[in-house]
Each structure stands twice: as structure tokens, then as C-alpha cells.
Amino acid sequence: MSEQIDPQLAVIVLAAGQGTRMRSSLPKVLHEIGGLPLVGHVLRAATALRPARVVAVVRHERDRVAGAITELAPEVVIVDQDEIAGTGRAVQQALSALEGFTGDVLVLSGDVPLLETAALSALIRTHRSRAASVTLLSAVVPDPHGYGRVLRDAGGDVERVVEQKDADDHEQQVGEINAGVYVFGAGSLVGHLAAVGTDNAQGEMYLTDVVALARRAGERVAAEQASDAAAALGVNDRVQLAAAARTLNDRIVRSWQLAGATIVDPQTTWIDAAAVLAEDVTVLPNTQILRATTIARGATIGPDTTLTDCEVGEDAVVRRADATLAVIGARAHVGPFAYLRAGTYLGADGKIGTYVETKNSRIGDGSKVPHLSYVGDTEIGVNVNLGAGAITANYDDIHKHRTVIGDEVHAGSHNVFVAPVRIGDGAKTGAGAVIRKDVPPGALALSVAPQRNVEGWVEKNRPGTGAAAAAQRARAAQEAIDGTQRQDG
Ligand code: UD1
Ligand code: CA
């Protein structure tokens, strides 16, 4: 991002809460939507504002949360909240890392993941243009239950915020909620937090109490209603988690549609925030495009396909497949029913076909593994064809070994390549071969003994069975034909 740092802006991200309502051993802010933890979305929107400082407050599962935040945004300063609970206390402690800062403090909740940078800059603009000391983001929602409500006076000015648990029947009727996102003047915030107590239903220091305190001090309190109310919603339980994931996915799918991808069924297509689709990509129903997957122009993905951290080349076709950390070349075909595990590389015009599993293998340009095969720890050159049922036996119970197959090799059906083994360029193998020794270039490798027929074996060893009876009938019929031919001759 080319924009300049805003020296008058600091951001505090609240991430210390336990998230009891999630009923989870995973801290709430680390639950994921769109392939990124909730707090990751918040950090992304925040850092794009180019603030002078970003502080995150942690407490519950402190190391885990702090570790995740540092990995997502290394520049963020981590502050620990003490045993005093509440969003007010969290902000108060964060301010200790902002000593001397006199600008605007944007407070974001780690569990409100859908607000985009544009909505946050609009809030900051409102705060600055109105010279307010507090500007809060509100939203009018159909079901305000659980949220703090924004209470306004007769003139329409914000008076205070009341939490769900402290609200009387009348206040609970209010449909305008507090999004948990605010801009404060730093000085005023420090002063008012000192006056916030814990005399409320939850016995916590509420950040929201600053609103009433600022107003009582005669300062200007502004509120901006979110234009997209769904983006202002928080995640407190798993129902809301799924709703947020859906909202985010709708947004991502729509943006790729507008960028030129055909998404046949948006309802059953899930695309993570980090994935990238080129123009003229087609995505068929029931498809998940996850993590940092990239899909090049003209490729067709799906139906029923999951790609995680994959790279798909131009005009490739990937049908009913599951692939992770795989590279699929231009014009290559994958599936139906293929399983590409980590480290699979399929060259241009190649094929990984039906009921084929691959792992840690390089399959060269124009090479095909069309049916019923396992290819692991293998190097395959160009224009190779493996027959149906090829198996690379890469594991000897202790170590994994590599199979190396040269260019232009044609392997017969039902081959086992017992690694470590090398097949030279242009070599061929017979059907059913078990290849235990290297095959020189251009050789034909046969490992199956010549076929031997033991005449009459079934009638002799399995008398009385259906097989014996059938064999007897066939022999009698043949003998009758032979007898007639003798007479005729
Ligand atoms: C809060 C607001 C409520 C608003 C809602 C919007 C308060 C008192 N209430 O309620 O008005 O409608 O968000 O989503 O602020 N946290 C800490 N330390 C704590 C407690 C919480 O860092 O001691 C963090 C949490 O990790 C979370 C955020 O603050 O990211 C909000 O906390 P939560 O307990 O979810 O507040 P709500 O009840 O949702
Ligand atoms: Ca919340």
C-alpha cells in the first residue's frame, strides 16, 4: 500500500476475552472464517489504515492468541490485560503502550470481523470532521438481542450505551446496536476510563460507559450508522460464526464474479479471503477454493472439488478432486475422483485421472496417470503413460524411497514400482510387472513368468463344484465338435 502512515491514528484491537458463548477450547478470536482467524480480519482492516501504532490486548489463552497475532501482523504491540474484566479495562491497559500519543484511538473488537477498511476510514473521517471526542459505529439490525443498545435523547443525539444484560424492557426494544467499534480522542479516553466502575450486571469495566461520561462532560459524542449493517455484526457463538462466514463468502464470491469468474452456484462455492481467481475461470457447484490457492485464466474447477493452497494453470480442468499444496499445469486434467496430496506437481497437458492418489511427486509435461494408481515420492519425465493400476511402493516399513521414471516411458497395466528404482528414458514395462531392478533406457521389462496351463486341474481338484461341472460341459462340447470334424474329414 502506497499510502502514508497516519501519525494521528492509533488502533487498539480487543482480543482478551474468553468467548464463553463459543463453548470452545479454541479462543474465540482464533476461530476462522474465510481461512483467516476472526482477529486476522480485524488486523487486516486495521493495518490497511496505516496507523502509527497498533496495540492488541490479550489475556485468555494469552500465548496462543499473542502468537497468532504476531504471526499475522508482526508490528502489532501485545499488551496483557490483568484480572480486572471488561472492554473498558482492556482499553485502559492498551493505552499504557500508547503513552504520549495524543491523536485518535480507533478501538476494534477482535470478534467483529467483517468491517472493511473503507467503513473504518469513514468512521475516522466523521470523528475528525465533527471534532467529536467519541464516535461510535452503530447499526440498525432486525435482531438486536445480545448487543449493547444505542440510546438517543429527544434531539437524536447519543446519550449512552446500555448492555443487553443491563437494559430494561423499554431499552431492549431499541433496534440500534453498538458495533463495538469506536474512535476516541486519546486524552479524553484516558480521563473518562479512570471514572469507569464495575457496578453493572456483569461486574465488568464497560468501555461503553465512556459514551455517557463524555456526554456528561459536555464533549461531543457522534454516532455513525453502518451502511452495511451485516458487516457490523459480532461473533459470540457458533451460529453467528456461520452467519459471518456466509456474509464474508457472499462478498468474496461476488467480487470474483465482478472480476470475471463464472461462479455457477454461489451458495455452494466457498472461496477463502486469500485465494485468487483470474478472468474466465469457471467454478462449478460444491467447490471450496481455500487458503492461498490461485487459479489461472480459463481453468474449470469442480463440481465437488476442494483445493487448499494449490496453483492451477491456464485452461486446466479439475473435476471432483481434493488437492492440497499441489501445482496443476496449464491444460492439465485432474479427476474425476483424484486425491492430490502435498508436493504434487503435474506438468502442462498432464493428467491425474480417476481414483488416483499422488503425493510428493513430479509428473512431467504431457505425462498421464489416468486410472486407479498411487504415485508417491516419484519423479516422472515428459510424455509418460502409466497403465491402469500403477503403484509406486515407496515405503519399506522403515524408510520412504523414490521412484524415478524417465521421459517417454510407457508402463503396462498393474505395475508395481518397488522403490528405490529407476526406469530409463523410452523404456517399456509389461502388464503386471513388479519392477524391483532399474530398467535401462529403451528396454522392455518383464517380470511375470510365462503362463502355464495345467489342463483339467479344476475337474480333478474341485470335483462336484459348479466350476467343475461347467468345465466338464465345455470339454464335452469341444469333444463333440472335434468328433464331428474327424468324421467329416
Ligand atoms: C460488546 C459491547 C456491546 C457491543 C458488542 C458488539 C461492551 C461492554 N459491550 O459486547 O455494547 O454491542 O460488543 O459486538 O463493550 N474483551 C477484552 N477484554 C475483556 C472483555 C472483552 O479484550 O475483558 C474483548 C473480547 O475479546 C472481544 C471484545 O472485547 O473481542 C468484545 O467483548 P465481548 O465480551 O464479546 O463483548 P460483547 O458482550 O459482545
Ligand atoms: Ca462480542
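Sequence positions, counted from 1, serve as the residue numbers for this chain. Each ligand, and each atom within it, is numbered from 1 in the order the structure gives.
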Indicate yes or no: does Arg160 engage Asp166 in a salt bridge with an N to O separation below 4.0 Å.
no
Using distance alone, with no hydrogens and no angle criterion, decide if Ser188 and Glu219 have a side-chain donor and acceptor under 3.5 Å apart.
yes
Nearest-0.5 Å distance that lies between atom CG in Leu248 and atom CH2 in Trp270
8.5 Å
Looking only at side-chain N and O atoms, does Gln92 offer a donor or acceptor that is under 3.5 Å from a partner on Arg89?
yes
Looking just at side-chain N and O atoms, do Asn236 and Lys28 make a donor-acceptor pair shorter than 3.5 Å?
yes
Atom pairs and distances, donor-acceptor, side-chain atoms in residues 53-61, under 3.5 Å, two or more places apart:
| from | atom 1 | to | atom 2 | distance (Å) |
| --- | --- | --- | --- | --- |
| Arg53 | NH2 | Ala97 | O | 2.9 |
| Arg59 | NH1 | Asp82 | O | 3.4 |

Nearest heavy atom to atom 33 (P) of ligand 1: which of Glu163, His60, Arg21, Gln202 does it belong to?
Arg21
Are any of the N or O atoms of Gly86 closer than 3.5 Å to those of ligand 1?
yes
Assess the residue pair Arg331 and Asp315 against the criterion (salt bridge (charged side-chain N to carboxylate O under 4.0 Å, His left out)); give the C-alpha distance rounded to whole Å, side-chain angles, the decisive distance to 0.1 Å, and a yes or no.
CA-CA 5 Å; Arg331 298 171 305 281; Asp315 298 315; 5.7 Å; no
Report the part of Ala90 (side chain from C-beta onward, or backbone N, CA, C, O) that has a heavy atom under 4.0 Å from ligand 1; answer both or neither where that applies.
side chain
Record the part of Leu233 in heavy-atom contact with ligand 1 below 4.0 Å; permitted values are side chain, backbone, both and neither.
neither
Protein contact to atom 13 (O) of ligand 1 [nearest heavy atom, distance to 0.1 Å]
Gly180 CA, 4.4 Å
Can you list, pair by pair, the side-chain donor-acceptor contacts under 3.5 Å of residues 136-148, counting residues two or more places apart and other chains?
| from | atom 1 | to | atom 2 | distance (Å) |
| --- | --- | --- | --- | --- |
| Ser138 | OG | Glu176 | OE2 | 2.6 |
| Asp143 | OD1 | His145 | N | 3.2 |
| His145 | ND1 | Gln164 | NE2 | 3.3 |
| Tyr147 | OH | Gly234 | N | 3.1 |

Does ligand 1 have an atom that lies less than 4.0 angstrom from a heavy atom of Lys28?
yes
Looking at Leu136, Leu14, Asn200, the heavy atom closest to atom 24 (C) of ligand 1 belongs to Leu14
Considering distance alone, does some N or O of Val29 sit under 3.5 Å from an N or O of ligand 1?
no
Atom 16 (N) of ligand 1 sits nearest the protein heavy atom Gly17 N, 3.7 Å
List nothing but the number: protein N/O/S atoms under 3.0 Å from the Ca ion (ligand 2).
2
Which residue and atom name correspond to the protein heavy atom nearest atom 39 (O) of ligand 1, and how close is it?
Asn236 OD1, 3.6 Å
Could you check atom 32 (O) of ligand 1 against the protein and tell me its nearest heavy-atom contact, residue, atom and distance included?
Thr87 CG2, 3.9 Å
re atom 5 (C) of ligand 1, the protein heavy-atom contact at minimum distance is Asn178 O, 3.9 Å
Determine, using heavy atoms of Ile177 and all atoms of ligand 1, whether some pair is separated by less than 4.0 Å.
no
Should Asp111 be counted as touching ligand 1, given the test is an N or O pair under 3.5 Å?
yes
Ring pair (Phe, Tyr, Trp, His ring centres under 6.0 Å) with Phe184: which residues, sequence neighbours excluded?
Tyr182
Closest approach of any protein heavy atom to atom 18 (N) of ligand 1, naming residue and atom
Gln81 OE1, 2.8 Å
Min N/O separation Ala16 to ligand 1 under 3.5 Å
yes
